[in-house]
Amino acid sequence: MAVSGWFGRKRKDGSPAEGVPDGIAVKCSSCSQILFVRDFERNQKVCTKCGHHHRLNAHERLEITVDEDSFEEIDAVLQSADPLLFPEYREKLHKAKNTSTSSEAVITGTATVEGFPVVIGIADFTFMGGSMGSVVGEKIARAIEVGIEKRFPVIMFTASGGARMQEGLLSLMQMAKTSAAVGRLGTNGIPFIVVLTDPTTGGTYASYSCLGDVILAEPGAIIGFAGRRVGNQEVGVKLPDNFQTSEFQLEHGMIDRIVPRKDLPLALKTLLEFFALSAVKESVIAGN
Amino acid sequence: MAVSGWFGRKRKDGSPAEGVPDGIAVKCSSCSQILFVRDFERNQKVCTKCGHHHRLNAHERLEITVDEDSFEEIDAVLQSADPLLFPEYREKLHKAKNTSTSSEAVITGTATVEGFPVVIGIADFTFMGGSMGSVVGEKIARAIEVGIEKRFPVIMFTASGGARMQEGLLSLMQMAKTSAAVGRLGTNGIPFIVVLTDPTTGGTYASYSCLGDVILAEPGAIIGFAGRRVGNQEVGVKLPDNFQTSEFQLEHGMIDRIVPRKDLPLALKTLLEFFALSAVKESVIAGN
Amino acid sequence: MQGTNFDFEKPIAELEAMIASLKSVEGRSKAAAEGIDIDTAVEPLELELHRVMEKVYGNLSAWEKTQMARHKDRPYSLDYIRLIFDDFFELHGDRLAANDEAIVGGLAKLNGQPVVVIGQQKGRDLKERQRRNFGSARAEGFRKALRIARLAEKFRVPLFTFVDTAGAAADLRAEEHGVSEAIARNLMEFSLLRIPVIVTVIGEGGSGGALGVAVGDRVLMLEHSVYSVISPEGCAAILWRDKAMANEAADALKLTAQYAHQLNLVDEILPEPLGGAHRNVTDMALTLKEALVRHLNELSGSGETTLVDGRYSRLRSMGVFQEKVSR
Amino acid sequence: MQGTNFDFEKPIAELEAMIASLKSVEGRSKAAAEGIDIDTAVEPLELELHRVMEKVYGNLSAWEKTQMARHKDRPYSLDYIRLIFDDFFELHGDRLAANDEAIVGGLAKLNGQPVVVIGQQKGRDLKERQRRNFGSARAEGFRKALRIARLAEKFRVPLFTFVDTAGAAADLRAEEHGVSEAIARNLMEFSLLRIPVIVTVIGEGGSGGALGVAVGDRVLMLEHSVYSVISPEGCAAILWRDKAMANEAADALKLTAQYAHQLNLVDEILPEPLGGAHRNVTDMALTLKEALVRHLNELSGSGETTLVDGRYSRLRSMGVFQEKVSR
Ligand SMILES: [Zn+2]
Ligand SMILES: [Zn+2]
């Protein structure tokens, strides 16, 4: 619920993520500052006044993350079915495909980041709240397997409300599937880097997102298990102000660093260089 | 500080552990009940009124733990040196040797317990407060190595105020030495059972004692890192009543079960049978 | 009349009450006075009762199954553990911070063979329920489970887990101690355990909290147990902003054992005694034991790598999607 | 006059003050008025200062060493990390409950080679000290260290740890979260790490809290650092019921780097700049870096098993006792 077009209507999903807002200015949802769209976009959708990190869709994220023209999508052809014939699921999928810039709630592929080859997955909150159904789980698992095969580090940008309820138990199992894939990645000695972005909750957080060798997060992102409302239901317990944010999770030992969007390239570069060097070393050892 | 001889003088170390008290009755240090020595001894030095578990010396513990005539001591010849020429250490050692039933703060050996062959180590609090110096560390490490060699489960009964200050840094290193030995035991797949008895604190607790595959404790034993006095120094923090007891440690996930002294044989039997069966199974697998 | 406390059980309750009344001391003396053999007289009623029960329990809706799975008299993990295994030696604690009693676990024997068991435990009376947080584990519970699972791995004995939770705890402490991390880690670590792992959903398989101890080589479900990504109430609140529409939500979620089996997410459904497991715990335990032994025997031949690879393939196969060449 | 704040430094402080006064603007103008070349005039004083310093710092008592090791200007782990390593990428958190700032750690490069570093960090000003609990880690700190150490193992890079703590925290939370367990586990797990581990005691090596990150293939100590089973104050309180007798206790405990080296408990003593590491942090860091690189090179040829076996043998050899045949 980040930004509404200034001269346009308020978008249904509240996010300016699906392309250029249809006005020339937007209002920051955090500090209410009126911002010129051009400045806002130039600043990677971080409020120039209060620093609030507004959500990016997968393609915006991709653009500011991978080296130009380096991304090669994999598994773009995977499409959600409606195995449970769940009420309104088909309609929701149809609508998501029309409004989101992505064909599912995650895009995956190979790319180079700061010159280093990687497998990258980027969740798209604009597609049904980034929810993890069979396709999302399958794409992530396959991407990780590509990482194992090519011995590329795997980077996941998360943004998801959790499991995709409309696929019932199948969606729950994607938690196990993606986590098991991370396990395989680990036993193969390939690094897994997670960047948590707003919001990452529920079954998405409680699976592969928590399993990075290094876990970064954008400032102020909502990150937690249950929604804040759930937590609020407890009687007599005062929740901390930063409950279920990046800052809360850092304090509680769950993430390594909070990295502002503009500093992510340097952070990823440092990590990828470290892992590239350690991989070289390993192959030297293996060659002994 | 458990029991004082009723008709005799109060013993210096306060414990009735060094043999039969010289009176016919003793007073329970916990509930002040006057108990006939005979009943008290028959009840394994557990107060027949309040159930308080009074301390046992190593030989008393041995007697109620291992099968008759099965214990074969190892490394009895190891004797403490005074490498730092520490003030009064020689005198203290000399005195301990005269008053304790043990020649050092732990005795180790092989035995059968409920019919199962084991390596067993029993700390003796009557020898310089069970403190861990070079000899204690060495005996424990060697005992564990015997366990590895013979593939016998290792059982340690702990009772110690911590490291033996009089041996300076050498005594600190016994924490690392014993813990590393437990590590080797583990990589060899041999079980390690710890029984925490009153008191187990400091460097003894913060090393091998915390590393049992299964950790049992006698009820009401003092178990903790720093002394209660240290903890008490914090301003404005109310310590729980059971702070640094078996019960506190159970509550905080550190031990598996609190087992009354009379129930220890059955508990050990169940565990040893389990491990014996799993070891058989393993060798069958290995034989495939 | 134990356990007949749901709407759909009313006809059963009425018949049971009638039979009980006829067979009571008073009923018997009345019948005797009129020269009627009460046992013969009651026979058709008992047959009718059986027929009604078969009909009702053979056709439970998803929501009715949910109610059965949550039944207050339903056997819990410890009930099965005591009936199926010998010499259960309960272990406690996560060796980190707490002993979460929503999870129980320990060493045991199954037909003389050493095994490790882990179960989610709701608690029978109010006091026990509070102590066990109604079976909703916090991070500490999942870490306790992992510690115990690793003991099983260390000593190369099979692991059995029993799933029965409305879900993981979602309170402040759970978040503070990283319940998400703890669940995620279990999903990963259980997938790598080099021992046979057999999971049984005995009651409520509630979301990530259930899954946190439910990654295994075999997943069995009792006939009237449920397994779902979200509670019917939670789903109804999201879909229709009305928790009271849990019935419809349960249907939509298809959370029954039967459907999970159809989707190949579980391997076998274990029939419950007529009327539910709580009506004959001993029989249920026998059925369960037979299945556990059978599945364990099937797995016992496998080497460690085969097991771990098989478990991975199993998880990898879960999901229904289309792979279209056009976009 | 930085750091000359101990009794034994008084003669040094006086000389330094004298030299400073002579060399001050005022001093220079006075001297100029009397036709004296101040730099030449001061030379003998400076030589005397050097001589006194060599004498004082070359003959520090155990208690004086303790004071040096605790010096408020003494360089801390992060100072060395920044001076010795490149591209330090700090990691946070134990992935369980907290981010204990008494321990710092992360990924880095040493002469272009990837390494992992872990340090105990006391904090420079009051605010930072509080945040870092004065360098006394709780359970969470030791678990954070273990998590980071395991990353090093996973990616097969060497691990460097820097020891500087008065001891582990012993407060309620530390006990609740199992500080003993956390230390014990580190002792065991560090002994099993399949990578080179090089430990340096840079300041205070306080008891189990120090040891919790100090099991390695090499243990180095800075010249004026100390390493002890108990603080001199604690020892004095036990021995003589008088904390003020820390001086005598420090002697008794023989807690200096020199004595630890004599007992073969540490491998090398790294000389500090005259007057202590804080008088020339850059030089100290250069000395330390040279030693770290040298020891790493020595270890780099070893296979994993050799490393782990060697580390075990090293620990097994620690202890002084008699083995008498008679009893
Ligand atoms: Zn703003
Ligand atoms: Zn008593």
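Any value given below was found using the heavy atoms of this structure, including those in side chains, with hydrogens, waters and symmetry copies removed.
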I'd like to know if B:E273 pairs up with C:K109 as an ion pair, taking the criterion as any Lys NZ or Arg NE/NH1/NH2 lying under 4.0 Å from an Asp or Glu carboxylate oxygen. yes
Quick one: what part of B:I190 sits under 4.5 Å from any heavy atom of chain C, side chain, backbone, both or neither? backbone
Choice from C:E140, C:R147, C:K144 maximising heavy atom contacts with chain B below 4.5 Å: C:R147
In Å and rounded to the nearest 0.5 Å, what is the CD1 to CZ distance from B:I223 to B:F248? 11.0 Å
Aromatic C:F89 / basic B:R257 pairing, under 6.0 angstrom, 45° off normal: yes
Which atoms of C:L107 are under 4.5 Å from chain B, going by heavy atoms: the side chain, the backbone, both sets, or neither? both
Within 45° cone of C:F88 ring axis and under 6.0 Å: C:R82 NZ or CZ: no
What part of B:I255 lies closer than 4.5 angstrom to a heavy atom of chain C: side chain, backbone, both or neither? backbone
